[in-house]
Amino acid sequence: MRALTTTTIAALALAGCIALPQAANAAGTDSTKLPPNELVLKECGACHIAYLPRFLPESAWTRLFATLDNHYGEDATMPADITAVVRRFYMDNAGGFYWTSPSTKEIPRITAQAWWKRAMGKVEITPRIRSKANCGACHTHAEWYMGVR
Amino acid sequence: MKQVTFLALTTCLMAFAVSDLRAAEANPARDAIMAGLGAEAKASDPAFAGFSPQRGQALYGAKSTVGKPDTPSCTTCHTADPTQMGQTRAGKEIDAMAVSKTPNRFTDPEKVAKWFGRNCNSVLGRPCTAAEKGDFLTYLIGR
């Protein structure tokens with residue numbers, strides 16, 4: 001019995017060293033198999049925190065998703081099957097926050113909303129925080145409401 | 001009995017240490033990505049004679065005026081020194097690009113393709129060629 005246990009442990013330990021590095025080396029994950037909220041965290045959370053859908057209304061998300069190729073000065077395009085799932089998540093969970101449509105072709109910003117300016121207009125954006133859009137620097141749990149973290 | 005377990009664990013740790021040291025050179029997924037780029041580069045230019053870390057370094061540091069104005073260079077976000085952490089324009093930290101610092105870099109073909117697509121377009125205003133991608137990765141695998 002003792003011998004068996006030891007052998008088992010040894011075998012497991014060895015299996016561990018073979019299996020673990022391979023798992024770490026595993027090639028591409030198929031993103032579309034992720035649940036929508038995790039896909040959103042991965043895709044929209046790569047350059048900034050994944051902003052909560054309820055911070056902008058549907059009309060704003062519609063415009064944002066139509067202009068991902070020039071997203072606030074960057075190319076944020078993703079494969080069409082992924083865009084479809086992510087877009088759906090934002091549309092389905094969109095907020096009713098008051099939003100005035102800018103007259104220009106600008107993409108809407110959460111940080112340009114009246115409620116945002118009222119609550120945070122005076123917060124200091126240090127060089128390390130860099131941008132008003134870096135919500136996570138001050139709200140450390142900002143992505144929790146996505147139901148993952 | 002205890003000795004056997006100890007031996008197994010030591011072997012395991014040693015195996016990890018070795019695989020860690022070799023991480024920069026050998027990774028099947030990364031090798032496959034490089035092989036794919038090599039084949040593509042050869043197909044588009046029969047005179048292609050292999051990737052160059054020097055050309056990769058030049059691309060990494062180059063300033064472009066034809067892409068999007070907010071992103072003139074790869075160094076805008078990845079910083080001039082690839083062994084340092086970078087930062088996006090929205091303030092989010094980016095792990096170092098050098099494989100010696102971030103061992104799982106360039107091991108997911110989907111991820112590599114997606115970011116070359118975005119970033120070459122943002123910075124250079126056009127897609128990168130297979131040769132440019134291979135040069136860029138060769139430079140960072142060696143850093």
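In the text below, chain A, chain B and the rest are named by the order of the sequence lines, each starting its count at 1.
When hydrophobic clusters are built by joining Ile, Leu, Val, Met, Phe, Trp and Tyr residues whose side-chain heavy atoms come closer than 4.5 Å, directly or via intermediates, A:Phe55 is grouped together with A:Val123. Both A:Met120 and A:Tyr51 are part of a single hydrophobic cluster, where members link through side-chain heavy atoms under 4.5 Å apart. Under the 4.5 Å side-chain heavy-atom criterion for grouping Ile, Leu, Val, Met, Phe, Trp and Tyr, B:Val123 is not connected to B:Ile94 through any hydrophobic cluster. A continuous path of hydrophobic side-chain contacts links A:Ile49 to A:Leu34 [ILVMFWY only; heavy atoms under 4.5 Å]. B:Met97 and B:Trp115 end up in different hydrophobic clusters when Ile, Leu, Val, Met, Phe, Trp and Tyr side chains are linked at under 4.5 Å.
In this structure, B:Lys114 contributes its side chain and A:Pro79 its backbone to no donor-acceptor pair below 3.5 Å. At distances below 3.5 Å, at least one donor-acceptor pair connects side-chain atoms of B:Arg118 with backbone N or O atoms of A:Thr77. With A:Arg130 contributing its side chain and B:Lys92 its backbone, the two residues share no donor-acceptor pair below 3.5 Å.
Among B:Asn119, B:Thr71, B:Asn121, the single residue meeting the side-chain hydrogen bond (donor to acceptor under 3.5 Å, both in side chains) criterion with A:Asp75 is B:Asn121.
Per-residue counts of heavy-atom pairs under 4.5 Å with chain B were compared for A:Gly45, A:Gly73, A:Ala133, A:Ser131; the largest is that of A:Gly73. Put simply, of A:Met78, A:Glu74, A:Arg128, A:Lys132, the one with the most heavy-atom pairs under 4.5 Å next to chain B is A:Glu74.
Rounding to the nearest 0.5 Å gives a distance of 7.5 Å between CD of B:Gln87 and CG of A:Asn134.
Residue A:Arg88 qualifies as open at atom CZ: its count of foreign heavy atoms under 6.0 Å is 12 or below.
At least one side-chain heavy atom of B:Lys68 sits under 4.5 Å from a side-chain heavy atom of A:Asn70.
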